[in-house]
Amino acid sequence: MFFASKHVFQPKTEDDAFEEVDEKELDSSWATSSPVYLDKEAQPVAAAQPSSQLRHVETAEASVEVDSLLADLPDGGPPPAAGVASASAEVSMPLDDALDASAALTTLQEDDYRGFASKHSAVAEDKPVDEVQRSESLGDSLRGLFGMGKASSAPAAPPPPPPPAPKSKLKLKYARAALPRQSETSGRRVRQEVDTNVVSVKLGTLVQDSQVHSGECTQCKGCEAALSHYSRLCGPESARVWKCEFCGVENAVDLDDEELPTSETVDYILKPAPAVVSSDAESNVIFCVDTSGSMCVSTLVPGGLKFRGSHTESLQRELASFNDDNSHQRMPNESRGAVYVSRLQAVQAAVDSQLTQLAETHPYCRCGLVTFNSEVTLVGDGSKATATLGGDTLTSAETVRTAAQAHANLLSEPVKSSAEVLSKKLFDLEEGGQTALGPAVCASIELAASAPGSRVVICTDGLANIGVGTLEDEAQIPAARAFYGALAAHAVKRGVSISIVTIDGTEADLDSLECLSDQSGGDVEIVDPLKLADNFSSMLSEPVVASKVEVTMKLHKGLSFRHEDAACSSLTRRVGNVNKDSETMFEFKVSGDKLDLDELPFQVQIRYTAPSGMEALRVISQKKPVTQDRQEALKTMNVAMCAARATQVSSFLASRGRVSEAKLNSRAWRHTMASHVCSEESSVHDQKQYANYLSANADVEDSYAPPVQQGRRSDSQSRWQFKGKKATSKNFM
């Protein structure tokens with residue numbers, strides 16, 4: 001467990017737990033809401049030029065002004081020094097150089113600048129700030145947040161001349177005293193409960209060894225918390241009693257001293273691995289490929305790049321035969337020899353590339369193919385005759401599941417043996433028919449589930465329109481969403497993760513489908529058909545370290561979870577498959593009367609299945625000190641963790657249609673993080689992480705718009721909100 005602060009924050013008063021936000025901010029975009037510009041009224045004593053000017057950090061999809069790091073500062077601050085003349089006080093936040101610099105925000109020569117005043121304005125109206133060339137290196141550091149975004153291709157500007165060596169440095173801090181208080185000049189204030197009471201569970205650590213307990217886990221009969229290394233036992237050895245740290249219930253404990261937990265992390269073996277397990281056995285990968293009629297839509301390939309399986313040349317020769325001179329036919333303004341590739345051909349090339357790669361890196365992994373149009377075809381590993389499901393079989397999950405289980409033997413050969421024959425069957429596929437997506441996913445799960453930690457990768461370009469789970473008819477959407485939700489729960493139970501790849505420019509209703517990936521531990525992407533191979537590779541690059549993961553967080557009875565469906569002190573989440581970067585977070589608060597405790601207990605219980613098939617329970621127990629001083633809690637804020645949690649909650653609220661609440665949560669967290677990164681206690685890394693949060697959230701918040709049609713969010717909106725809900729601390733580091 002990792003906490004967002006060294007202390008648990010217990011507010012002295014109810015107001016201490018809230019962050020105020022100007023209501024007008026909720027009506028503005030993320031990039032333009034309350035950036036801060038330094039006022040140009042403070043003159044330096046000498047006519048020295050500022051060391052550098054304001055910079056803009058840009059990516060292809062977002063533009064964030066670095067000076068917004070100073071946005072949303074709390075009211076108050078030191079007044080400007082008396083007698084200071086006026087002049088320009090433009091400063092920069094060169095975060096690309098900050099990792100090697102001792103100054104984090106902006107350091108100014110104390111002799112040159114005596115006082116500052118900040119101004120809230122979307123645009124510096126009568127005092128425009130000169131923009132210099134964008135910082136390419138910082139743009140690169142912000143590139144790829146959530147695996148997305150592109151670096152700017154603009155050349156970097158030459159660095160500004162170094163400033164004179166200062167006698168002493170003054171870090172820019174809060175400076176609002178020279179202006180009226182925001183509440184006197186702005187709209188109504190709204191508030192959101194925001195603090196550092198956030199805990200992260202790094203699920204990738206399940207691969208790390210810990211103390212293995214030989215006995216059973218001793219749990220409280222009141223709240224099911226586990227006996228831990230900090231539990232206190234009272235009474236004689238023959239009649240020991242443990243008073244639970246979480247709920248206060250007394251429990252009789254019949255354990256010898258050597259059976260008591262002695263470390264923070266303890267593993268309990270619930271079920272050993274099967275007695276006979278091949279040392280070469282690995283999980284399964286099923287490629288579930290759409291072969292409906294729309295997959296024939298083609299894309300011009302730049303540079304005449306050739307795809308294996310492309311029929312362009314044969315078609316050109318056939319068309320040329322209709323001309324007297326056998327010349328190639330082409331569209332107006334089309335270059336000679338232009339090459340087009342269909343969506344299916346792009347998928348074929350991407351899957352074939354993955355088969356080759358897996359045969360080299362994971363030769364004993366079993367790979368299979370399932371295709372779907374008006375029917376579902378189970379190809380398996382290609383070593384046996386295919387099986388086709390159609391007609392009434394496709395109308396219910398149960399009939400599809402039963403039919404697929406009858407053909408479980410279609411997946412038996414390791415990819416090192418099956419890659420060649422499976423590749424041949426892959427390139428024999430042709431487009432045509434409708435889109436039986438629901439039945440195909442159902443069948444793919446059954447084929448994959450023979451080994452824990454298996455994965456299904458779906459590639460489709462349109463709405464499911466035949467069989468169970470059809471999404472084309474608006475009246476059928478509620479039933480379809482219930483079907484996909486139940487299918488996701490079934491995939492988690494079987495230890496299978498589901499990732500979805502859709503084609504850029506199409507709509508497959510990810511709003512209804514993303515629950516498959518969200519619940520099972522998969523991913524969602526929208527890609528250019530020519531870049532499918534890279535996305536498939538990314539989805540399969542990280543091996544599954546545990547499957548069927550279930551995380552239970554235990555809090556003291558005086559605490560409860562925030563942003564959950566019920567206010568309680570114990571919460572269980574089904575996470576599905578996890579890799580080394582997987583992480584889940586919880587947010588909590590003091591739920592009742594003030595707690596008269598110097599420290600509070602926390603415990604997480606993780607049930608999981610290892611790749612070997614062993615089922616285990618990992619218990620991690622910690623205690624954290626309590627403070628009633630909000631500033632004390634903020635001093636040790638983990639900015640990346642708070643940024644991830646802020647993004648998760650806002651994206652979740654937006655996905656539920658609670659857009660105003662999502663924006664309020666984002667703005668409140670931005671205020672809280674800004675107050676920390678502008679403090680003396682913040683580090684260079686804190687400020688870089690905050691800049692990353694500002695950059696990433698520009699795109700995430702754009703997805704908060706209302707649904708575009710028939711009550712559905714667009715695929716682009718759904719993808720961004722999925723990425724937001726899955727944000728991890730690593731995304732902001």
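Both backbone and side-chain heavy atoms feed into the values below; hydrogens, waters and symmetry mates do not. No experiment lies behind these values; they were computed from the predicted model shown. Quick note: residue numbers are just sequence positions, from 1.
- For residues 438-453, every residue pair satisfying the salt bridge (Lys or Arg N to Asp or Glu O under 4.0 Å) rule, not counting sequence neighbours, is listed here: R401-E446, E446-R494.
- Between R573 and E550, no side-chain nitrogen of the basic residue sits less than 4.0 Å from a carboxylate oxygen of the acidic one, so the salt-bridge criterion is not met.
- Side-chain atoms of S200 and E583 form a donor-acceptor pair, as typed in the model, at a separation below 3.5 Å.
- Within the structure, salt bridge (Lys or Arg N to Asp or Glu O under 4.0 Å) contacts touching residues 609-621 (residues at least two apart or in different chains) are D267-R618.
- Of the charged side-chain nitrogens involved, at least one lies within less than 4.0 Å of a carboxylate oxygen, so that D523 and K723 count as a salt-bridged pair.
- With respect to D581 and K202, no salt bridge is recorded, no charged nitrogen being found less than 4.0 Å from a carboxylate O.
- Taking 4.0 Å as the cut-off between side-chain N and carboxylate O, D518 and K726 count as a salt-bridged pair.
- Under a 4.0 Å N-O distance rule, the pair K424/D428 qualifies as a salt bridge.
- The two atoms that bring V376 and P439 nearest to each other are CG2-CB, 3.9 Å, heavy atoms only.
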**Request:** Give the intermediate values and the outcome of side chain to side chain donor-acceptor pair (under 3.5 Å) for residues T291 and N373.
**Result:** CA-CA 5 Å; T291 58; N373 44 33; 3.2 Å; yes
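- Using a distance-only test at 3.5 Å, with no hydrogens or angles considered, a donor-acceptor pair links the side chain of D381 to the main chain of S412.
- Legend: residues meeting ring pair (Phe, Tyr, Trp, His ring centres under 6.0 Å) with F3, ordered by chain and number and at least two apart, are F602.
- Residues N697 and T647 form a side-chain contact, since some pair of their non-hydrogen atoms from C-beta on lies under 4.5 Å apart.
- For Q434 and S292, the side-chain atoms include no donor-acceptor pair closer than 3.5 Å.
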